[in-house]
There are 2 protein chains.
Amino acid sequence: MPRRRAVDGSAPTMRDVASLAEVSPMTVSRVLQDHPNVSAENRRRVLAAVKQLGYRRNDLARVLSQGRRLGAVGLIVTNLANPFYARLALGIESVVTRDGIRVMVTNSDEDPDRERAAVGDFVSRQVDGIIIVPAGSNHEYLVDDVPERTPIAMVARPPTGVEADCVLVDDFGGAYEATRRLILHGRTRIGFVGNPPSVYTGSERFRGYCAALEAAGVPLRDSYVKRARDIASAERALAELLALPEPPDAVFCTNNRNTLGAYRAVHRVSAEVVLAGFDDFELSDMLSVPTLIVDYDADELGRRAAQLLLERLQPGDRRYTGPMRRAVVPTTVVEHGFG
Amino acid sequence: MPRRRAVDGSAPTMRDVASLAEVSPMTVSRVLQDHPNVSAENRRRVLAAVKQLGYRRNDLARVLSQGRRLGAVGLIVTNLANPFYARLALGIESVVTRDGIRVMVTNSDEDPDRERAAVGDFVSRQVDGIIIVPAGSNHEYLVDDVPERTPIAMVARPPTGVEADCVLVDDFGGAYEATRRLILHGRTRIGFVGNPPSVYTGSERFRGYCAALEAAGVPLRDSYVKRARDIASAERALAELLALPEPPDAVFCTNNRNTLGAYRAVHRVSAEVVLAGFDDFELSDMLSVPTLIVDYDADELGRRAAQLLLERLQPGDRRYTGPMRRAVVPTTVVEHGFG
DNA sequence: CTGTTAGCGCCTTCAG
DNA sequence: CTGAAGGCGCTAACAG
């Protein structure tokens, strides 16, 4: 099995290439950036030396000398294990990669302190920009911690206390439409399983739910409103709803974990309940109860955020320097098993 | 809404801090690395200047001057959208973050050329190490492209044509055990839906399937062996199996996408088939047919790979410089609905 | 077309 | 305890 090049520990530099090729380091530099002002002969010799030494240009030094940034965006998500955020990362990568920019990703776990630490680290590392799915409800620290030349884009949740570009999901509209459709299907006892109301998406989706009820003249019942933070607690929440004297005939869940938990409870007791939920998931079309899914394109969310960032990183007069923008990605509703 | 610090475009440097604090840049440097040899008074003044300017040390310059690496590992996965790889990334991050190392992630999409390009880019960027879920079946290019001082760890699939640490799943054992259990449940007409045999995991899992059949004296039927590359093709593959004159009474699928596709087909025609599959997925315990899942800890896979890498990055004599190692993460089998 | 000089921002080394 | 000198690897800017 072949082993890898030893190079006596430290990598060769342009000087090594230059002396082997018997030219100046500058000529090597020129060859490597495809500068036209190099004779064919010198170019050949440099390339030969490069190959012989297995030389690779040190991008770090390059970046420093050119006064550029790292060539990477920092991405902070609350939970990479959620496929939604994985797709978000993919969407971002698909856009920034075209500009030779990479993604440095980390997890905040919904902890504002971890988020802040990561932001600081990214700034020190000279990232070109930062994309955040923000935890917490106050992002004012960004004002001090992030210099203006490092653009920020928020995803899924809007910035608070700081100006930043942001890309949101149509949380209100999706929740409204889902609830409206449930009512159209003749359901009026509609339960709600949400995430903590301090999270923007949760409160917007709750607002959409309430507004649709109100528009249809269906009274909101406090006893139908539950919160959950994971699959297990959503399952418990639904069990409580089903145990009410007058249990719901439909339940709207604000995210896929809640919907999954709700389904577990419904399936276990074979309750006569239809499900509606934000975020699609695998097998959502094959459940044993009618299911209505509010879906949206997580890749698109990432792409849009990346674009907003890139526009602020363009050179010269192609750079966008205007006011912060807010994009909203639409949702679509899909019904399964409603016949 | 507060806006962010302007700083006239370019960030302040140590010199700026130094002149404001009326000390030399060296003193600033010392304060910032908590060097003891600084008077309390100078320390105070430096910190005040730092705060006043909103100064942050430039890690890029720091790394260059110290001759260190980027402080990041490059991670190349075949498909980040697969929750398995997202978990892998999480596992890696949880380990390397303790050493102040970040994860730079990219997607190869199973394309060896993209993988190679990413590797080259990571090397140029001076990453500390590279973790790869390798595409293709020949990784000899790494011998030339990656200097020895940049350790490589392969995950899920072993290296070919190059020496590298690697962490594998017990593909053979898991497949063997799943098939064995199906036979114990009285199934003998066991279909197989695999991924392309050129992929290591696919061929190992096929081998496990075959070995278990053989051990039980159950003949392998070629007509029961299908390949698929995504949910839709797995669904079609299963439809073909079910259409055979003597259809299988059980099917072993080599990954969660295949299992999901198989389930779709089985569910659609209400076939009397039990399912076995590698990789867990949401709702695997609530399907309408008995299901047997071969599961393993993707985080652990990531953690192990990260550890192998870190051991080769330790300073001085704590660094591991021995031969390449191979770790195998065990699988567990869970049965649902077998009564 | 080629090489020299100077410097990116920081740190190591060595002299005070 | 402090500072000056020099260099990390590379590249603009300027000479030839």
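The sequence lines fix the lettering, A, B, ..., with proteins before strands; numbering per chain opens at 1. Atom set for the values below is all heavy atoms of this structure, side chains included, hydrogens, waters and symmetry mates excluded. All values reported here derive from a predicted model rather than from experimental measurement.
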Item to check | Below 4.0 Å: OP1/OP2 of C/dG9 and any side-chain N or O of B/N58 | outcome: no
Checklist entry - Would you say A/S24 reaches C/dT4's phosphate, i.e. side-chain N/O to OP1/OP2 under 4.0 Å? => result no
Item to check | Those residues that, when tested against B/A117, pass side-chain contact (heavy atoms from CB on, under 4.5 Å) (two or more places apart) | outcome: none
Checklist outcome for this item: In whole angstroms, the gap separating P of D/dC10 from CG of A/D34 amounts to 16 Å
Checklist outcome for this item: B/A48 meets the side-chain contact (heavy atoms from CB on, under 4.5 Å) criterion, sequence neighbours left out, with none
Item to check | Rounded interatomic separation in angstrom, taking CG from A/N37 and C1' from C/dT2 | outcome: 9 Å
Checklist entry - What pairs with A/L60 under side-chain contact (heavy atoms from CB on, under 4.5 Å), at least two apart in sequence or on another chain? => result A/N58, B/L60, B/V63, B/L70, B/Q126
Item to check | Rounded interatomic separation in angstrom, taking NE2 from A/H35 and P from D/dC10 | outcome: 18 Å
Item to check | A/R69 CZ - C/dG9 P separation (whole Å) | outcome: 11 Å
Item to check | Set of side-chain contact (heavy atoms from CB on, under 4.5 Å) partners for A/S39, sequence neighbours left out | outcome: A/E41, A/N42
Checklist entry - Within the structure, does a side-chain N or O atom of B/Y55 lie under 4.0 Å from either OP1 or OP2 of C/dG9? => result no
Item to check | side-chain N/O B/N42 vs D/dC1 OP1/OP2, d < 4.0 Å | outcome: no
Checklist entry - Does a salt bridge link A/E311 with A/R325, judged by any charged N lying under 4.0 Å from a carboxylate O? => result yes
Next on the checklist: With a 4.0 Å cutoff (strictly under), does any side-chain N or O of A/S39 reach OP1 or OP2 of C/dT2?
Outcome noted: yes
Checklist entry - What's the CD-C1' distance between A/E41 and C/dT2, to the nearest Å? => result 14 Å
Checklist entry - What nucleic acid atoms does A/D59 come within less than 4.0 Å of, heavy atoms only: base, sugar-phosphate, or nothing? => result nothing
Checklist outcome for this item: With sequence neighbours left out, the residues meeting side chain to side chain donor-acceptor pair (under 3.5 Å) with A/D121 are A/R125, B/R102
Item to check | Whole-Å distance separating the CZ atom of B/R15 from the P atom of C/dC10 | outcome: 10 Å
Checklist outcome for this item: Nucleotide by nucleotide, nucleotides 11-16 of chain C touches protein heavy atoms under 4.0 Å in the pattern (B base, S sugar-phosphate only, - none) SBB---
